Structures are given as structure tokens and as C-alpha cells.
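Worksheet: the structure to be examined is printed underneath.
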Amino acid sequence: MFFTLKSEKRAVGARAGEIQTSHGIIPTPIFMPVGTLGTVKAVLQKDLESDIDAKIILGNTYHLYLRPGESILGQAGGLHKFMNWERPILTDSGGFQVFSLSDIRKIREEGVEFRSHIDGSKHFFTPENVVEMQRVIGSDIMMALDECPPGDCEREYARKSMHLTQRWLERGFTHFKNTEPLYGHKQTFFPIVQGAGFPDLRREAAKHIADMGAEGNAIGGLSVGEPTEVMYEMIEVVNDVLPLEKPRYLMGVGTPANIIEGIARGVDMFDCVMPTRNGRNGMLFTWRGIINIKNKKWENDFSPLDPDGESYVDHHFTKAYLRHLFQAGESLGPQLASIHNLNFYLRLVGTARERILDGTFEQWKKNVVPQISHRL
RNA sequence: GGGGAGAUACCAAAGUGGCCAACUGGGGCAGACUGUAAAUCUGUUGGCAUACGCCUUCGGAGGUUCGAAUCCUUCUCUCCCCA
């Protein structure tokens with residue numbers, strides 16, 4: 001993997017770049033649609049590639065390990081072939097599931113013991129076997145196993161958790177370096193900064209992964225219940241330390257406004273379930289604000305779904321029609337909303353990139369953030 | 001013509017003397033959702049009030065009772081069975 005900065009180099013500030021992978025080039029800043037189980041929910045690969053023009057998508061190691069499992073993915077020749085997606089894939093390690101499935105797991109020095117949320121069976125994840133699994137998946141970018149503590153955790157817990165994560169990162173990275181890709185294309189490994197909402201812990205964690213010398217770095221443990229201002233502050237603290245010349249990935253973020261603010265603070269990569277999950281639940285993100293298409297006020301609004309939108313669905317369907325689909329519980333509703341939202345998210349980061357390159361990002365941000373955050 | 005069952009809120013359907021402004025579904029309205037255990041979950045759904053609460057409701061009318069969706073009388077309507 002190679003990362004090239006195309007804009008001015010500043011520690012904390014918006015930048016534009018390019019990530020080269022074996023499966024294609026990713027312009028940054030970029031948003032990566034989440035496709036946990038080998039599918040971006042409710043969206044066909046074809047639409048993802050053409051209409052939405054996603055440059056890279058996510059998969060999830062924990063979920064893919066449980067279903068379809070290592071054997072099937074190995075037989076398929078990796079996730080790209082299995083799901084027929086030829087562009088880059090980034091896989092999360094399952095670190096987030098250490099957080100979100102906290103009722104059914106036990107964390108130890110060696111790794112984390114899970115109970116499957118599907119059948120209750122016991123499984124053990126280590127920094128090493130999670131790398132192995134991601135070798136089988138064949139993701140272009142694999143994530144380290146980390147512990148993602150809740151946003152309101154105590155300092156002492158955050159400190160111990162961060163140190164455990166650091167030991168896991170090193171074990172994972174060592175294992176990564178000692179193993180080879182299985183399918184002839186390159187893979188890379190991103191370590192993750194933790195440290196909850198404590199600036200000194202964050203700084204220490206950032207220094208630690210900066211010294212590891214990975215090709216890219218991730219910021220984890222944000223947007224997990226802490227106030228938004230804390231998240232922004234942590235991004236600044238961390239990006240002040242992380243190397244300039246390597247991509248920075250803010251995991252799990254966020255709302256359109258969060259993403260612009262993240263870009264402004266020097267983040268290059270984002271992923272979030274919001275455009276798809278909220279889309280399936282009737283929320284549309286647009287340049288003019290946020291729409292809950294299920295609301296009665298759209299019942300007889302026959303204007304285009306999104307007059308400013310650039311996707312096929314934005315101009316071929318009306319708000320009234322989409323509301324009808326949701327009212328009727330038709331599965332096309334969530335599909336159209338997901339396509340619209342992902343297209344919007346990709347256009348949002350694409351526009352941010354243009355504004356960075358032509359030097360008007362700050363001015364643009366000032367105008368666009370209130371607009372896209374407004375509820376219609 | 002004879003016999004039987006029933007009428008409850010937007011719909012379906014519980015309740016059969018006070019704990020009932022009325023269980024539960026559905027539908028409606030609104031909200032939540034940030035490295036996806038989510039095409040899920042939550043609230044609300046007679047009127048008025050921020051709230052305490054007040055007012056009008058269980059086919060219509062009348063009655064019994066301290067008190068009625070629940071008991072009695074009568075009327076109207078619906079459904080089923082037999083002719």
C-alpha cells in the first residue's frame with residue numbers, strides 16, 4: 001500500500017491524498033460503506049460500484065468468522081471473489097464486537113473469549129488468530145485486535161485497557177509481519193489508538209502506534225457515547241502525534257457533520273453504519289438537511305427524492321413514493337434510501353476533497369455543516 | 001317463519017359490577033440509531049392540560065345500584081343454523 005499526499009502537509013488540518021492498493025486507488029478523504037457480512041446491506045454490488053462509486057468497503061472479521069466461516073471463505077478464494085467485489089476491502093478485527101457484545105465476552109491477556117451471538121458457542125480471539133482470519137478473508141487493509149472501551153469509562157479502566165490494546169497491537173503486527181498473503185495481492189495492517197476521552201492517554205497511545213511504523217493508523221474508541229466535543233478534541237490530540245505521511249482512519253464515524261469536522265482535523269478515512277442503517281429506517285441525508293421520509297409531511301410531496309442528489313434514485317423517484325414504500329413496508333424503500341445515503345456520503349467526502357485541493361475547504365465547511373445538520 | 005350468537009376506541013379483539021379511558025395485535029403519529037446481534041428498537045394513539053387532574057366514551061333509549069362496558073327492560077342493526 002502507498003499513500004501520497006496531494007495537498008499541503010499540516011499536522012492537524014484537512015488534507016487530500018491517494019491510497020494505492022492491489023485492488024485500486026482510493027482518493028482521500030474517503031468514506032467506506034460498511035458491509036459487515038460480505039454485503040453492504042440492501043445494496044447490490046453493481047450499484048455500489050457504479051451509482052454510489054464506493055472506492056472501498058468494510059467487512060467484519062468476527063461476523064465473517066462465524067458466518068460463513070474460515071473454511072468457506074478459504075474455498076471461495078477470499079472475500080473479494082466470494083462477494084464479487086473487485087475494489088479494496090478493509091476488515092475490522094472484531095475489536096468493536098469486544099465492545100458491542102460486552103455481555104457475552106471475557107477479556108484476558110491472551111485474547112478475548114466470545115460467545116457466538118448466533119448459537120451461544122464459545123470462541124477465542126487473539127491478536128494473532130484475527131490476523132490469520134483476515135489473511136483468509138484477504139482484505140486489503142486489516143485491523144488490529146483492540147479493546148474498545150465505552151465512552152464514559154473511568155480513567156483507570158481506560159489506562160489498563162489502552163495498555164492491553166498496545167500489547168495486542170504489537171503481537172498482531174509481529175504476526176502480520178511473520179505471515180504472508182494467501183491470494184497474491186498485498187495486505188496491510190493498521191494499529192489503533194485507544195485512550196477513551198483522556199488527552200494524555202490518547203497522546204501516549206498515538207506515540208506508541210506512530211513508532212510501530214505501520215502503513216496507516218486508526219483512531220478507535222470514539223463515537224461510543226462521549227460528547228461530540230470530546231471526540232473532536234481527541235482527534236486533534238491524536239493527529240498532532242500521528243505521522244503526517246500516513247493515512248489516518250477514524251473508526252465508526254459518523255454523521256455528515258462529524259465527517260467534515262474529522263476531515264478538518266486531518267482524518268483521511270471514515271466508516272459508519274449510519275447511511276445504511278439509518279437509511280433502512282427512513283432517514284435521508286441531503287445537502288439541504290436531514291429528512292425522516294416516514295413523516296406525514298412527505299405524503300404528497302412529489303418533488304424528486306433529492307433534487308441536489310447525484311444518484312439514479314434521486315431523480316427517478318419522488319419523496320411521496322419513497323414514503324409510500326416505507327409506509328407499506330416494501331423492501332425497495334430501504335434499498336433506495338441506502339443508495340441515496342451512500343451516494344450522498346461519497347459525494348460529501350468527494351466535494352470536501354475538491355475544496356481542499358482548490359484551497360476553499362474552510363469557507364465551504366462553514367457553510368455546509370449547518371445545512372447538512374439541519375432537520376427538514 | 002323457527003332457533004341461536006353478537007354489537008367495545010381507526011381495524012381486529014380482551015374485559016362480563018368498583019383495580020377501566022378500557023389488555024393485546026394491527027394500523028396511524030413521532031422518536032432513536034455513529035469500527036451493524038438492527039429492513040431494528042422505543043414512545044404515543046378519546047378530548048383538554050406542561051403537570052396534578054378534569055370532561056365525554058364500550059350500538060340507541062330507559063332503569064337497578066353508592067358505583068355499570070359489565071345487571072334488567074326495550075328498540076335498532078349484524079351474523080350463523082334450520083325451514
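Treat the numbers as computed from the prediction; the structure is a model and nothing was measured. Residue numbers start from 1 in every chain, and the chains themselves are labelled A, B, ... in the order their sequence lines are given, proteins ahead of strands.
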Taking 4.0 Å as the cut-off, does a side-chain nitrogen or oxygen of A/Ser223 come that near to OP1 or OP2 on B/U34?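 No, no such contact exists.
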Within the structure, does a side-chain N or O atom of A/Asn60 lie under 4.0 Å from either OP1 or OP2 of B/U36?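 The answer is yes; a side-chain N or O of A/Asn60 sits under 4.0 Å from OP1 or OP2.
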Under 4.0 Å, counting only non-hydrogen atoms across every strand here, what does [X] touch: a base, just sugar-phosphate, or nothing?
X	answer
A/Arg67	nothing
A/Asn292	sugar-phosphate
A/Leu222	nothing
A/Arg323	sugar-phosphate
A/Ser116	nothing
A/Gln194	base

Any idea which of B/U36, B/A37, B/U34 is nearest the A/His117 side chain?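 The listed nucleotide nearest to A/His117's side chain is B/A37.
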NZ or CZ of A/Arg159 within 45° of A/Phe198 ring axis and under 6.0 Å: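 That pair does not qualify as a cation-pi contact.
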So does A/Asp146 reach the base of B/G35 with its side chain, donor to acceptor, closer than 3.5 Å?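 Check passes, donor-acceptor contact within cut-off.
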Can you check whether any acceptor in the base of B/U36 is under 3.5 Å from a donor in the side chain of A/Ser100, or vice versa?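 Counting by modelled atom types and ignoring angles, no donor-acceptor contact under 3.5 Å is found here.
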Whole-angstrom distance between [N] and [M], as gauged at atom [atom1]:
N	M	atom1	value
B/U24	B/U76	P	37 Å
B/U44	B/C10	C1'	15 Å
B/A61	B/G27	P	34 Å

Give the rounded distance in Å between these two atoms: [atom1] of [X] and [atom2] of [N].
X	N	atom1	atom2	answer
A/Tyr249	B/U34	OH	P	15 Å
A/Phe99	B/A37	CZ	C1'	14 Å
A/Tyr62	B/U36	OH	P	12 Å
A/Lys294	B/C33	NZ	P	13 Å
A/Glu226	B/G35	CD	P	12 Å
A/Gln335	B/A39	CD	C1'	9 Å
A/Tyr345	B/U36	OH	C1'	14 Å
A/Glu299	B/A30	CD	P	10 Å

For B/C79, which nucleotide is its Watson-Crick or G-U wobble mate, given both distances must be under 3.5 Å?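 Check on B/C79: paired to B/G4, both distances under 3.5 Å.
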For B/G53, what is the paired nucleotide under Watson-Crick or G-U wobble rules, both distances under 3.5 Å?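 B/C48 - that is the nucleotide pairing with B/G53, both distances being under 3.5 Å.
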Please state whether the rings of A/His23 and A/His185 are parallel, tilted or perpendicular, taking 30° and 60° as the class boundaries.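 Taking A/His185 first and then A/His23, their aromatic rings stand perpendicular (interplane angle over 60°).
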Assign the ring pair A/Phe189 / A/Phe173 to parallel, tilted or perpendicular, where the plane angle (0 to 90°) is split at 30° and 60°.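 Ring orientation, 0 to 90° scale: parallel.
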Tell me if the aromatic rings of A/Phe125 and A/Tyr65 count as close, with their centers under 6.0 Å from one another.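 For A/Phe125 and A/Tyr65, the ring centres are under 6.0 Å apart.
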One thing to verify: whether A/Arg108 and A/Glu113 come together as a salt bridge, which I'm taking to mean a side-chain N less than 4.0 angstrom from a carboxylate O.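 A/Arg108 and A/Glu113: salt-bridged.
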Does the pair A/Glu110/A/Arg171 count as a salt bridge with the N-to-O cut at 4.0 Å?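 Judged by the 4.0 Å cut-off on N to carboxylate O distance, A/Glu110 and A/Arg171 do form a salt bridge.
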Whichever of A/Met283 and A/Arg280 has its nearest RNA chain B nucleotide further upstream toward 5':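 The residue whose closest nucleotide sits nearer the 5' end is A/Met283.
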Residue whose closest nucleotide on RNA chain B lies nearer the 5' end, A/Leu332 versus A/Asn295: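 It is A/Asn295, whose closest nucleotide lies nearer the 5' terminus.
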